[in-house]
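Report on the structure given below.
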Amino acid sequence: MTLLDLSAPIESGMPVYPGDPEVSVGPALTVARDGVNVLGLHLGSHSGTHVDAPFHIDDSLPTLDDLPLERFHGPATVVDARGRGPTIGPEFFEEVRAGVIVLVVTGWPFGRQGHPYLTAEAAALLVERGVRTVGIDAFSVDPTPAAEFPAHEKLLRAHAVIAENLYGLDRLIGAREIEVSMFPLRITGGDGSPVRAVARVG
């Protein structure tokens, strides 16, 4: 088995979703001055590779700590949507079954806006098929920037989890057995969290 890191590096000045907190990473303590190295981190809950909890869009929906851990780990199906146009419709997900993590490969450069995105119909089909975790290698499952978030609405109101800014998903295309872990930090009342996303490939 091979382990593949699907996470973007966390570093100062990295791309963030428009309006989100900027990322800053720097020494808070140093060996020379304090006897130990400790980094100070300033980032948003949706910085880098991260997951969205349903609470992200509605105060009445579950927070991270309300969700079962199974939302963040399990067998994965890869959907190759590279070069197919600006929208990713339900036709891409006809073979998807319940109980899998769906990973959508757009091939879009990390941190760039104008990426492909899921239609509301695609998100609705995934919910209907019993999918409760969807990941994408772009800023969002909706357009960036956007005034409305129909794919988020369909998925998160079904208590699904969305993983965004996954990194290097194209390496999974053609793999026969994929198991993915992307556990969030245990943030009380969290709307989202950076994750270390890792694929175990057979």
Side-chain angles (χ1 to χ4, degrees), residues 5-8 10 14 16-23 41-79 88 90 93 96-104 117-167 169 178-200:
D5 196 339
L6 305 178
S7 314
I10 299 289
M14 69 186 296
V16 296
Y17 191 87
D20 276 13
E22 295 295 328
V23 175
L41 306 175
H42 179 269
L43 68 167
S45 54
H46 298 263
S47 297
T49 305
H50 67 275
V51 291
D52 295 356
F55 184 70
H56 182 42
I57 63 162
D58 190 322
D59 290 346
S60 68
L61 293 175
T63 61
L64 280 177
D65 38 1
D66 294 327
L67 296 170
L69 291 176
E70 288 78 10
R71 290 282 195 277
F72 309 101
H73 174 84
T77 293
V78 175
V79 173
I88 302 168
F93 305 104
V96 168
R97 57 183 174 81
V100 299
I101 294 172
V102 172
L103 302 176
V104 182
Y117 57 91
L118 272 62
T119 63
E121 294 77 15
L125 177 65
L126 288 167
V127 168
E128 180 184 318
R129 293 285 171 86
V131 172
R132 291 298 179 268
T133 308
V134 178
I136 193 167
D137 57 349
F139 265 137
S140 175
V141 292
D142 286 298
T144 304
E148 297 181 336
F149 304 91
H152 276 82
E153 290 281 343
K154 294 289 185 184
L155 293 166
L156 296 181
R157 291 196 183 281
H159 296 189
V161 165
I162 301 170
E164 294 166 326
N165 280 334
L166 290 164
Y167 196 79
L169 282 186
I178 305 169
E179 184 179 79
V180 172
S181 297
M182 39 194 184
F183 292 108
L185 300 174
R186 195 171 181 179
I187 301 171
T188 301
D191 60 279
S193 170
V195 300
R196 186 70 179 265
V198 176
R200 187 170 182 256

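The shown structure was predicted, so the numbers you read here are calculated from the model rather than taken from an experiment.
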Rounded to the nearest 0.5 Å, what separates atom [atom1] in [X] from atom [atom2] in [Y]?
{"X": "S47", "Y": "Y17", "atom1": "OG", "atom2": "OH", "answer": "14.0 Å"}
{"X": "L69", "Y": "S181", "atom1": "CG", "atom2": "OG", "answer": "10.5 Å"}
{"X": "T63", "Y": "H56", "atom1": "OG1", "atom2": "NE2", "answer": "14.0 Å"}

Could you tell me if the side chain of [Y] sits less than 4.5 Å from the side chain of [X], heavy atoms only?
{"X": "L156", "Y": "D58", "answer": "no"}
{"X": "P18", "Y": "T144", "answer": "yes"}
{"X": "I57", "Y": "F149", "answer": "no"}
{"X": "P21", "Y": "V16", "answer": "no"}
{"X": "F139", "Y": "N165", "answer": "yes"}
{"X": "V23", "Y": "I10", "answer": "yes"}
{"X": "H73", "Y": "E179", "answer": "yes"}

Worksheet item: With distance as the sole criterion, is a donor-acceptor pair present between the side chains of D191 and H46 under 3.5 Å?
Response: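 Judged by distance alone, the side chains do pair up.
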
Item to complete: Return yes when atom CZ of F183 has more than 12 non-hydrogen atoms of other residues, nucleotides or ligands closer than 6.0 Å, and no otherwise.
Response: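 Counting other residues, nucleotides and ligands, CZ of F183 exceeds 12 neighbours.
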
Item to complete: Answer yes or no: does atom CZ of R157 have more than 12 heavy-atom neighbours from other residues, nucleotides or ligands under 6.0 Å?
Response: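 Yes, CZ of R157 has more than 12 neighbouring heavy atoms, counting only those of other groups under 6.0 Å.
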
Discussion item. Going by the rule side chain to side chain contact (heavy atoms under 4.5 Å, CB included), which residues pair with A53 if we only count those two or more places apart in sequence or in a different chain?
Written reply: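 So A53 forms a side chain to side chain contact (heavy atoms under 4.5 Å, CB included) with L64, L67.
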
Fill in: Sequence-distant partners of I187, side chain to side chain contact (heavy atoms under 4.5 Å, CB included), two or more places apart
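I187 satisfies side chain to side chain contact (heavy atoms under 4.5 Å, CB included) with L185, S193 only.
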
Item to complete: Using the side chain to side chain contact (heavy atoms under 4.5 Å, CB included) rule, take L126 and L118 through it: C-alpha gap first, then chi angles, then the decisive distance, then the call.
Response: CA-CA 11 Å; L126 288 167; L118 272 62; 3.9 Å; yes

For a quick test of reading the model, state the closest non-hydrogen atom pair linking [X] to [Y] and the distance between them.
{"X": "A76", "Y": "V180", "result": "CB-CG2, 3.6 Å"}
{"X": "S140", "Y": "E164", "result": "CA-OE2, 3.1 Å"}
{"X": "G48", "Y": "M14", "result": "CA-CE, 3.7 Å"}
{"X": "P194", "Y": "G44", "result": "CG-O, 4.1 Å"}
{"X": "K154", "Y": "A120", "result": "CG-O, 3.8 Å"}
{"X": "A199", "Y": "I178", "result": "CB-CG2, 4.2 Å"}

Practice prompt. Verify side chain to side chain contact (heavy atoms under 4.5 Å, CB included) between D137 and Y167, making sure each step is shown before the conclusion.
Written response: CA-CA 6 Å; D137 57 349; Y167 196 79; over 6 Å; no

Worksheet item: For the side chain of S7 and the backbone of A197, is there at least one donor-acceptor N/O pair under 3.5 Å apart?
Response: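 Here the side-chain-to-backbone pair exists.
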
Discussion item. Please check this pair: side chain of D142 against backbone of H152, looking for a donor-acceptor N/O pair closer than 3.5 Å.
Written reply: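 Confirmed, D142 side chain pairs with H152 backbone.
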
Run the side-chain donor-acceptor check on residues 129-136: report pairs under 3.5 Å with partners two or more places apart or on a different chain.
{"unit_1": "R129", "atom_1": "NH1", "unit_2": "F93", "atom_2": "O", "d": "3.2"}
{"unit_1": "R129", "atom_1": "NH1", "unit_2": "E94", "atom_2": "O", "d": "2.7"}
{"unit_1": "R129", "atom_1": "NH1", "unit_2": "V96", "atom_2": "O", "d": "3.4"}
{"unit_1": "R129", "atom_1": "NH2", "unit_2": "E94", "atom_2": "OE1", "d": "3.4"}
{"unit_1": "R132", "atom_1": "NE", "unit_2": "A158", "atom_2": "O", "d": "3.4"}
{"unit_1": "R132", "atom_1": "NH1", "unit_2": "V127", "atom_2": "O", "d": "3.1"}
{"unit_1": "T133", "atom_1": "OG1", "unit_2": "R71", "atom_2": "O", "d": "2.7"}

Practice prompt. List the steps and the verdict of side chain to side chain contact (heavy atoms under 4.5 Å, CB included) for V195 and F72.
Written response: CA-CA 10 Å; V195 300; F72 309 101; 5.9 Å; no

